[in-house]
Engineer: 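Here it is, the structure, as structure tokens.
Just follow the structure's listing: the first ligand is 1, and inside any ligand the first atom is 1.
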Amino acid sequence: MNILQKEVARRRTFAIISHPDAGKTTLTEKLLLFGGAIHLAGAVKAKKNSRGATSDWMAVERERGISVTSSVMKFEYDGHEINLLDTPGHQDFSEDTYRVLTAVDSVLMVIDSAKGVEVQTKKLMEVCRMRNTPIMTFINKLDRDGQEPIELLDDIETNLGIECAPLTWPVGMGKGFKGVYDLRRDELRFFVPDGQKSTRPTNVVNVKGLDDPQLDDLLGRDAQDLRGDAELLAGAGHPFDHKRYLAARQTPVFFGSAINNFGIQELLDTFVALAPPPQPREAETGTNGKAGTRIVSPLEPDFSGVVFKIQANMDPAHRDRIAFLRIISGHFEKGMRVRHHRIGKDVQIANATIFMAHDRTGVEEAWPGDIIGVHNHGTIKIGDTFSIKEPLKFTGIPSFAPEHFRRVRLRDPMRAKQLEKGLLQLCEEGAVQVFRPLRTNDYLLGAVGPLQFEVTMARLKDEYNVDAGYEPIDITGARWITGGKDAKKFIADNGRDIATDIDGDVVYLVSNPWRLERLLETYDDIVLQTIKEHR
Ligand code: G4P
């Protein structure tokens, strides 16, 4: 094995997805604790609620007590290099989350045992499905009364359309929660309800399978329930199949209680053992994708990477903007000259940053699966590819049709240039989408979640010194017009509702869904889309 193969094999790049309040922050913190990246429980939580730490870059964030930004936490565990990509908890920033999900090789899904599958879990799952991202599931809060474990699995299978393969099984719940039975190792792991802030090993007892009479001594009546559940599972459940997990057809399921550090060790051990290392990725080749597409393997020696996120003002002292680049192939070295393909320029990456759990440091070298932060002076756009020489453009970073719209009203007409520049850059960073109607000179902003508007306005003021406001507008959706024989005529006949986006792509702005339906009956040879690629 050469060094590149070795470095790729030991990397795991993933994100945690969940509906708010299921326990994503708590689990993140516990993973970092077990990974030795932090030594104090409460550290991540403190950050989440902080009024002064890294997340205070935006007034909006402070006022609302939410974390808008997301970042990367790198830590080592059992010889593996783990990159945990954080995603914004607030659903108004789900577009950002979707983009982060394009940069991971697998995800960990957290489900609240009392609530089961929730709305946001479903939406995030749909995004994972677009790329067949493997998913491991952690059912949390077993220390509270929740739904029956079998029902929870059924809920996941029915509502998320993925097979469940439980690897542990809970014994009791709530006040009667005794622990979990490790179905693969035939181990009983006892729950110690103490909210302990340490990672000391759980009390583990090995038994000789579920028929072992020792179980009755250890669990009393719960032993029979456990056997009953196991029988049910043997009949109706799915045995774990690594290939099906990697193909995103099956999710291994763990039960535990994040706040009590319970179930984390098995989860993390299994995660590093089974989760996929950095994966190959499809790219368009040749200038402007003219030569076709090919699969780029992480094991190719030439460096390549793609920008999936741009974050502004992470450090309020510097007002900097960082482009997050996921390395797809080869080896990155400090000072490397790489080609920025969209603008056709060679650039030297001298001051890239790597994000540790609570710190960021200069990168000397990095490998596929790693995320490096590159300073962006307004030239980098989401979806941009950097590589050593071959013209490449990685695909698969989606832009979603907004569901909320506002018209921008500039208060000081002398600042029109700055407004244009600011909106363009904020749009390129993915903070908001900007549309120009065909028939007016307005700027229409589109967002997946309305808080994006607040962030945009605050940043226009802060960074571009533009005093502007919003006017409501009667638009509830947008469809990119991507083809069909009737497209030209459709655009000509409906000019009032047509606009272009930042790339010059044409969209139909929906103010009345019924009207759109009727139009589609008239112009039936037309392709309208709600998702498009960043380019
Ligand atoms: P999120 O990031 O997914 O939004 O969830 P977060 O970790 O913030 O957890 C949401 C709430 O659930 C928190 O309570 C947290 O303490 C609690 N929680 C997390 N894991 C467990 C668990 O295993 N058992 C129980 N019983 N609760 C759990 P909170 O009251 O909102 O916050 P806090 O006051 O505890 O910090």
Engineer: May I ask you to check if ligand 1 and Asn260 share an N or O to N or O distance below 3.5 Å?
Structural biologist: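 In fact, backbone or side chain, Asn260 has no N or O that close.
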Engineer: N/O of Ala258 under 3.5 Å from N/O of ligand 1, yes or no?
Structural biologist: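 Min N/O separation from ligand 1 is below 3.5 Å for Ala258.
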Engineer: With heavy atoms of Lys24 as the reference, note each atom of ligand 1 found under 4.0 Å away.
Structural biologist: 1 (P), 2 (O), 3 (O), 5 (O), 7 (O)
Engineer: Find all atoms of ligand 1 within a distance of less than 4.0 Å from any non-hydrogen atom belonging to Pro20, and give their numbers and elements.
Structural biologist: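 Counting from 1, the qualifying ligand atoms are 4 (O).
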Engineer: Examine distances only and state if a side-chain atom of Gln250 and a backbone atom of Tyr245 form a donor-acceptor pair shorter than 3.5 Å.
Structural biologist: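 Not at all, since once roles are kept as given, no pair shorter than 3.5 Å links the two residues.
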Engineer: Is a donor on one side and an acceptor on the other found under 3.5 Å between the side chain of Lys115 and the backbone of Asp21?
Structural biologist: no
Engineer: Restricting to pairs with a member in residues 152-176, which pass salt bridge (charged side-chain N to carboxylate O under 4.0 Å, His left out), not counting sequence neighbours?
Structural biologist: Glu163-Arg244
Engineer: Which one of Asn261, Asp143, Asp21, Ile17 has a non-hydrogen atom at the shortest distance from atom 31 (O) of ligand 1?
Structural biologist: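 The nearest heavy atom belongs to Asp21.
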Engineer: Does any N or O atom in Gly256 lie less than 3.5 angstrom from one in ligand 1, N or O only?
Structural biologist: no
Engineer: Applying side chain to side chain donor-acceptor pair (under 3.5 Å), name anything that partners Lys178, two or more places apart in sequence or on another chain.
Structural biologist: Asp222
Engineer: For the 3.5 Å polar cut-off, considering only N or O atoms, please tell me whether Ile259 and ligand 1 meet it.
Structural biologist: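 N/O-N/O distance under 3.5 Å: yes.
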Engineer: Show the atoms of ligand 1 that are less than 4.0 angstrom away from any heavy atom in Arg144.
Structural biologist: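 By the 4.0 Å cutoff, the relevant atoms are 26 (N), 27 (N).
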Engineer: Checking Gln224 against Arg227: is there a side-chain donor and acceptor pair closer than 3.5 Å?
Structural biologist: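 Result is yes, a qualifying pair exists.
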Engineer: Would you find a donor on one side and an acceptor on the other, under 3.5 Å apart, between the side chain of Asp105 and the backbone of Gln279?
Structural biologist: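 At least one qualifying donor-acceptor pair exists.
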Engineer: Evaluate whether atom CG of Asn351 has more than 12 neighbouring non-hydrogen atoms of other residues, nucleotides or ligands under 6.0 angstrom away.
Structural biologist: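 At most 12 heavy atoms, drawn from other residues, nucleotides or ligands, come within 6.0 Å of this atom.
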Engineer: Could you list which atoms of ligand 1 come closer than 4.0 Å to a heavy atom of Ser257?
Structural biologist: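 Numbered from 1, ligand 1 contributes 22 (C), 23 (O), 24 (N).
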Engineer: Which ligand 1 atoms, with their elements, are less than 4.0 angstrom from a heavy-atom of Ser18?
Structural biologist: 3 (O)
